[in-house]
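Below, chain A is the first sequence line, B the second, and so on; all start at residue 1. Computed from a prediction, not measured in an experiment: that's the story for all the values here.
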Amino acid sequence: MSYVEIDPGAFPPEVRALYGIGASEEAAVTLSNCSRRGFLKTTALAAGSVFVLGITSVRRAEGAAALPEGLTDAAFRPNVFVALDADGTVWLVNSRAEMGQGTKTGMIATLADEMDADWARVRPVQAEGHERYGPQSTGGSTSVRLYWQDWRKAGATARAMLVSAAAATWAVSEAECETVMHAVRHRPTGRVLGYGELAAKAATLPVPTEPRLKDRSEWRYIGKPLHGVDNRAIASGKAVFGADVRLPGMKYAVVARPPVLGGSARSFDDSAARAVPGVVDVFELPRYQGAPGNQALGGFAVVATNTWAAMKGRDALRIVWDPGPNAVYSSDTYKDVLLESVAKPGRVERDQGDVDAAFAGAARTVEATYTTAMLSHAQLEPPATVAWLKPDGSAEMWCSTQNPQSARTLAAEAFGIPKESLTLHMTLMGGAFGRKGLLDFAPEAALVAKRVDGPVCVQWTREDDMRHGYYHPPAAQYLKAGIDAGGKVTAWLHRSSYPAIGATFTEGELYGGTQGSKEVLFAVPNLRVENGPAPAHVRIGWLRSVMAVHHGFGIGAFVGELAHALGKDQVEMWLELLGPDRTVTELFTNGRGPYGEPIATHPIDSGRMRRVIELAAEMAGWGRRLPAGHGMGVAAHYSFWGYAAFVVHASVEGTRVRVHRVDASIDCGTVVNPDRVRAQQEGAVVFSLSHALYGEVLARDGAVTTGNYDEFRLLALKDTPETHVHIVESTAPPGGVGEPGIPPMMPALTNAVLAATGRPVRELPIRLG
Amino acid sequence: MPRYQLTVNGAERSVDAPADMPLLWVLRDLLDLTGTKYGCGQALCGACTVHLDGEAVRSCDTTVADAAGRSVVTIEGLSEAADHPLQQAWDELDVAQCGYCQAGHIMEAAAWLQRTPNPTREDVDRLQSDVLCRCGTYERIRAGILRAAENRR
């Protein structure tokens with residue numbers, strides 16, 4: 001794959017002369033360039049709208065209230081994404097949260113492309129958590145799929161105004177002018193003016209409401225692999241994550257939280273903790289009220305001059321906990337609760353045809369029950385936040401979060417200050433996978449900082465995060481198919497039960513829903529999807545792909561079992577179930593699909609699913625002869641506007657599963673940065689293999705006992721299979737990238753094990769023998 | 001509080017710390033070298049890997065007393081201008097996703113490359129590194145190590 005490089009040949013000769021191109025440009029930019037960031041922050045606030053062009057223009061922009069009308073389909077969406085200096089430097093803002101998915105580079109590249117900016121002159125800027133940037137909550141594979149057009153418009157607005165400025169300067173028609181990489185050229189005369197030279201003039205012009213977007217053929221960066229803007233900072237240790245901010249006099253804190261959700265302290269003695277050298281304070285934190293939601297869990301904070309002293313101080317606390325009602329929860333007995341739930345009819349969430357009649361009239365039925373374990377996000381960076389309540393009543397936070405605006409609101413409430421008084425800086429996240437969109441750590445850091453003189457870094461340990469997480473729920477699933485005399489599947493029942501995310505936010509919620517099970521694209525005439533009740537005793541949260549993690553497994557593994565039972569090839573089985581290419585209209589209600597997609601622009605197309613299956617199978621060499629004990633498995637799933645199919649080649653030696661190769665194919669519509677699409681599928685393989693082979697969070701008497709990576713194992717380098725990613729070329733609107741690859745991976749693996757051994761896998765993590 | 005002398009990235013440093021304080025927290029909290037990451041605290045993940053007298057060690061289970069009088073190199077000191085062949089390869093191949101564990105992988109690989117200066121593809125495939133990555137960048141880590149070895153030749 002060849003990356004976009006700044007090729008001097010890409011510039012027309014006039015522009016090369018203008019900029020003296022040939023000399024290398026230093027493109028490295030880090031967050032530490034404070035004077036520039038300060039400038040941008042000030043100007044963005046002052047302008048309160050649109051984008052800012054040039055230092056002189058900033059003053060003129062003050063008081064200007066022009067909102068670009070092209071971006072008003074959201075309730076409030078200021079466009080503060082682009083700034084241009086008189087020297088031609090372009091500051092492009094990533095407003096989304098970066099957790100490794102690559103959105104930061106994608107957003108900046110999109111802005112740069114539509115602006116026709118020279119990548120070497122682009123300076124990436126990370127936004128703060130603030131409503132002026134529009135929606136910033138980053139999860140659900142939303143960034144490119146929901147906001148890409150807005151980024152394009154933001155860039156195109158800049159380009160259009162620069163063209164107007166040049167035309168006005170030359171007193172020529174705009175139609176005679178075009179942008180040619182960081183400059184505007186007057187076509188008839190060949191005159192050029194650089195963007196920097198045009199900045200002041202452009203700032204005086206009206207903002208176009210519908211700037212022309214580039215045609216695909218004009219894109220310079222979109223659709224081509226781009227290097228990550230933080231690559232160098234990461235490889236040199238300079239990238240700033242949640243715990244990496246250092247401020248004069250900063251303290252460090254850890255919190256002893258109730259081991260059982262909702263528990264409280266019966267007795268407490270901190271005398272030994274206070275005697276630990278370096279410990280400066282110990283105090284109790286208020287416990288959450290009602291459903292835990294995004295509230296802090298309570299407990300006791302230990303503040304010290306360094307993290308180690310805080311941890312040792314915490315070890316020295318003597319606390320007797322009252323566990324409260326959730327002490328009934330143990331993971332081994334809870335599995336029976338789930339199995340009982342799926343043995344009974346549940347709440348019907350999709351119903352077509354007459355499933356019961358079809359089962360009654362079927363020549364044969366196939367059924368299977370699957371269980372999957374509770375999972376932790378286990379991102380390498382546990383929550384860590386630097387918070388600082390200043391003497392003047394304002395506050396500042398550096399937060400590793402997927403949802404900076406809500407984190408700001410919650411932290412401001414915890415501080416007891418107006419939100420406007422809190423500046424929330426977004427750091428890079430050391431992995432998140434949903435954990436950092438669940439926000440207990442933000443108000444908790446504020447509650448600690450409130451009691452500390454000066455800044456404090458509130459660090460969660462690995463055990464803290466694993467034992468006080470928002471877990472992917474353990475699940476049971478029951479699937480049943482009816483098959484007619486001709487061997488065709490005529491009925492499909494999918495029933496699942498697992499504790500609900502809803503219970504984290506609303507006490508007593510019992511139903512987790514059917515995300516990932518409902519949107520099966522099969523052309524089976526009689527089809528019902530049900531969800532059974534399950535009480536939650538720990539906080540349940542969203543983990544990358546959310547309920548499609550286990551639902552995708554249930555569907556995929558059951559298709560493998562159907563193929564096996566009917567003596568069919570797995571690929572043929574998938575294609576037969578999908579039926580002829582069609583728009584799966586039954587998934588749309590009032591024109592909206594399961595992930596909010598409008599049917600007019602985003603029809604769910606079973607043909608796209610067929611193609612990813614065929615592509616993965618072809619690239620994997622499906623059907624080729626394999627040694628004894630080896631097998632290939634395939635599975636596919638639609639989620640978050642993305643179609644993904646994975647083929648796994650695995651072998652079984654005794655009780656050990658070895659994965660040799662994975663072929664991942666994805667159709668996620670228009671691609672901004674194919675290298676990151678690839679990386680996300682490579683990551684989906686490893687992420688899912690960890691779960692399928694080892695992933696299990698255990699609880700006893702209400703407390704999570706699994707504490708560290710020795711108990712929640714992750715796949716290691718030596719066990720990582722060769723992975724090939726195949727991206728379907730598409731001009732469809734962009735779909736999800738980070739999540740769609742997760743649901744098909746685990747069942748592709750278990751289907752490979754089924755092919756290798758003849759035995760289905762019905763429990764995850766896999767236990768053979 | 002005892003005082004310890006150690007060489008960090010070529011500079012003599014002196015820290016006041018209890019003998020059992022892990023080098024990780026000495027680096028991060030006493031010396032403000034935050035490139036070395038905390039991931040597990042039990043030498044299970046390798047995110048905190050640094051070089052101690054040239055050997056890759058987990059700084060979370062190396063005490064300051066163990067490190068005293070010895071030479072510590074962190075990711076910040078691996079190269080003068082962030083241009084170690086591994087750092088260059090990491091950029092060229094876009095190895096990182098979130099990036100949090102990558103200092104650990106780079107430091108582990110740098111020590112390994114010292115011992116195995118001309119690795120073959122098979123050598124890299126057999127690499128038993130137990131530095132963890134949750135984003136799943138392992139395939140690119142292997143490619144990055146190989147690229148670094150090639151770039152150096």
Notebook entry, point to check: Just how far is it from atom CD of A:E381 to atom SG of B:C98, taken to the nearest 0.5 Å?
Noted result: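 Between A:E381 CD and B:C98 SG, I get 7.5 Å after rounding to 0.5 Å.
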
Next item on the list: Working to the nearest 0.5 Å, report the span between CZ of A:F712 and CG of B:L44.
Entry: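 Taking CZ in A:F712 and CG in B:L44, the distance rounds to 13.5 Å.
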
Heavy-atom pair of closest approach, residues [X] and [Y]:
X      : Y      : value
B:L132 : A:L715 : CD2-O, 4.1 Å
B:C40  : A:N708 : O-ND2, 3.0 Å
B:Y100 : A:G430 : CB-CA, 3.5 Å
A:Y709 : B:G39  : CE1-O, 3.8 Å
A:H377 : B:R134 : O-NE, 2.7 Å

Next item on the list: Please step through side chain to side chain contact (heavy atoms under 4.5 Å, CB included) for the pair A:L717 and B:L127, ending with a clear verdict.
Entry: CA-CA 8 Å; A:L717 183 139; B:L127 181 63; 4.3 Å; yes

Pick one of side chain, backbone, both or neither for [X], based on which atoms fall under 4.5 Å of a heavy atom in chain A.
X      : value
B:Q87  : both
B:C101 : side chain
B:A103 : neither
B:I106 : side chain
B:I141 : side chain

Note to self: Between A:S236 and B:I75, is there a side-chain heavy-atom distance shorter than 4.5 Å?
What the structure shows: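 No, too far: nothing below the 4.5 Å cut-off.
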
Note to self: For a quick check under 3.5 Å, do B:Q97 and A:Q680 share a side-chain donor-acceptor pair by atom type?
What the structure shows: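 Side-chain D/A pair, B:Q97 to A:Q680: present.
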
Under a 3.5 Å distance rule, please check whether [X] uses its side chain to pair with a backbone N or O of [Y] as donor and acceptor.
X      : Y      : answer
A:R246 : B:T34  : no
B:Y138 : A:D719 : no
B:D94  : A:D675 : no
B:D91  : A:N231 : no
B:E139 : A:T723 : yes

Item checked: Neighbours of chain A found in residues 5-25 of chain B - heavy atoms under 4.5 Å ->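 Residues B:P18, B:D20, B:M21, B:P22, B:W25 are the ones that qualify, each having a heavy atom under 4.5 Å from chain A.
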
Next item on the list: Tabulate, in ascending numerical order, the residues of residues 108-119 of chain B having at least one heavy atom closer than 4.5 Å to a heavy atom of chain A, or enter 'none'.
Entry: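 None at all.
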
Note to self: Going by side-chain contact (heavy atoms from CB on, under 4.5 Å), A:K718 matches just one of B:R142, B:R126, B:Q128. Which one?
What the structure shows: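 Between A:K718 and the candidates, side-chain contact (heavy atoms from CB on, under 4.5 Å) is satisfied uniquely by B:Q128.
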
Examine whether an atom of [X] lies under 4.5 Å from a heavy atom of chain B, and if so say whether it belongs to the side chain, the backbone or both; otherwise answer neither.
X      : result
A:A239 : backbone
A:M311 : side chain
A:A384 : neither

Margin query: Quick check on the interface: out of B:M1, B:Q102, B:E76, B:R28, who has the most heavy-atom pairs with chain A under 4.5 Å?
Written below: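 Among B:M1, B:Q102, B:E76, B:R28, the one with the most close pairs to chain A is B:R28.
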
Notebook entry, point to check: What residue in B:G77, B:G136, B:C133 has the most heavy-atom pairs under 4.5 Å with chain A?
Noted result: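 Counting heavy-atom pairs under 4.5 Å, the top option is B:G136.
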
Top of [options] for chain B proximity - count of heavy-atom pairs under 4.5 angstrom:
options                       : answer
A:T307, A:L714, A:D465        : A:T307
A:P382, A:P277, A:A309        : A:P382
A:E722, A:E98, A:Q101, A:Q379 : A:E722
A:K312, A:R544, A:Q459        : A:K312

Item checked: Pairs meeting criterion side-chain hydrogen bond (donor to acceptor under 3.5 Å, both in side chains) with involvement of residues 35-50 of chain B, two or more places apart ->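 The answer is A:D244-B:K37, A:E463-B:Q42, B:T49-B:R58.
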
Margin query: Using only non-hydrogen atoms and a strict under-4.5 angstrom cutoff, which residues of residues 683-690 of chain A touch chain B?
Written below: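 Within residues 683-690 of chain A, near chain B: A:G683, A:V686, A:F687, A:S690.
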
Checklist line | salt bridge (charged side-chain N to carboxylate O under 4.0 Å, His left out) assessment of A:K251 paired with B:D29 | finding: CA-CA 9 Å; A:K251 305 289 194 303; B:D29 295 356; over 6 Å; no

